[in-house]
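Encoded as structure tokens, the structure appears first; notes follow it.
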Amino acid sequence: METTATTIITLAERPDLVDAAQYLADAAWPEFMMHDRLVNRYWMRLYEEFPEYQFVLMDDQSERVLAMGNTVPLACADDVSSLPDGGVDWILTEAFEKSTASAHDGHCQFALQIVVDPGLRGRALSGAAVRAMIAIGKQQDCASLYAPVRPNQKHLYPLTPMERYIEWTNDDGLPFDAWMRVHARLGARTLGVCHESMRIEGTVGQWEDWIGMRLPDSGEYVIPLALVPIRIDRHRDEGLYIEPNVWMQHSLD
Ligand SMILES: CC(C)(COP(=O)(O)OP(=O)(O)OC[C@H]1O[C@@H](n2cnc3c(N)ncnc32)[C@H](O)[C@@H]1OP(=O)(O)O)[C@@H](O)C(=O)NCCC(=O)NCCS
């Protein structure tokens, strides 16, 4: 498909596009990623309570939704070293479990995800989606955009500590990781690892269903598309995946 001009549309302007946006998001992730308890508890409230911070990128000619993104407003970090070890789960907890003051007084924008239509990947749309996110933050007078970035090639190196992985660079000095590189090219700086961005728990049987693999012993397993190994405890009938992400900051001044 030839892409023509695109328009950023918030879901406050077009609530009828929530289903199209969510359809893209739901199709983007491996099954096990759909079982973070906090994400499942709060996600749809993003569209009800913060629709002006949710958006799609639409192709003007075809009116096809090319990409989508989710963010929320929160109080700015006092200083960046005070950003937590949590990421996605922490953002949702701050937005929906703390006093509303936290969400509504704050004037920083916190990213939750960007998804490009799978049929349109590799066409540089991800940069346009980050620019759209930044434009929305600026429109809302946010001082910074903080993103717990999920490095999209880390799953190929599940045994490498995230601290080390995010230091890998290419010859031009930009991050080795493609998704971090998109943010870096648009001016983001890397702040550090958030070790517990998402937490996904299930019984051993659930994990076997989610990933289509038998898990006969207790211990660690490398599984497809996870950034680090999962831990299985057969005695307690538990499996746990704690996903680390990387805090990156775009200044919106
Ligand atoms: C991550 C994602 C947003 C990237 O979108 P995209 O439109 O395919 O990416 P782009 O075409 O803009 O390319 C961005 C960079 O990634 C690189 N890239 C794209 N596809 C790649 C692949 N399969 N393997 C390695 N690098 C890849 C591109 O070369 C480019 O880097 P460069 O310009 O330095 O060469 C998209 O793959 C996606 O929606 N993934 C599922 C959800 C997700 O992981 N979102 C991000 C975390 S919330």
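Order of appearance sets the numbers: ligands from 1, and atoms from 1 within every ligand. The model shown is predicted, which means the values in this text are computed figures rather than measured ones.
Taking hydrophobic clusters as Ile, Leu, Val, Met, Phe, Trp and Tyr residues chained together by side-chain heavy-atom distances below 4.5 Å, V88 shares a cluster with M44.
Heavy-atom contacts of R123 reach the following atoms of ligand 1: 11 (O) (cutoff under 4.0 Å).
Note: an N/O pair closer than 3.5 Å links S126 and ligand 1 by distance alone. Residue N152 places no N or O, backbone or side chain, under 3.5 Å from any N or O of ligand 1. Taking any N or O of L112, backbone or side chain, none lies under 3.5 Å from an N or O belonging to ligand 1. Taking distance alone, with nitrogen or oxygen atoms compared against 3.5 Å, V182 stays at or beyond that limit from ligand 1. The N/O atoms of A178, backbone and side chain alike, include none that comes under 3.5 Å of an N/O atom in ligand 1. Remark: ligand 1 and V115 share no N or O pair separated by less than 3.5 Å (distance only, no angle test).
R185 NH1, 3.3 Å is the protein heavy atom nearest to atom 33 (O) of ligand 1.
Not a single donor-acceptor pair under 3.5 Å links the side chain of E97 to the backbone N or O of E94.
Under the salt bridge (charged side-chain N to carboxylate O under 4.0 Å, His left out) criterion, R236 pairs with E238, sequence neighbours left out.
Put simply, the side chain of L215 reaches to within 4.5 Å of the side chain of Y221, judged on heavy atoms.
Between C108 and C142 the SG-SG gap reaches or exceeds 2.5 angstrom.
Ion pairing between E201 and R231 fails under the 4.0 Å rule for side-chain N and carboxylate O.
At least one protein heavy atom sits closer than 4.0 Å to atom 1 (C) of ligand 1. Not a single protein heavy atom sits closer than 4.0 Å to atom 23 (N) of ligand 1.
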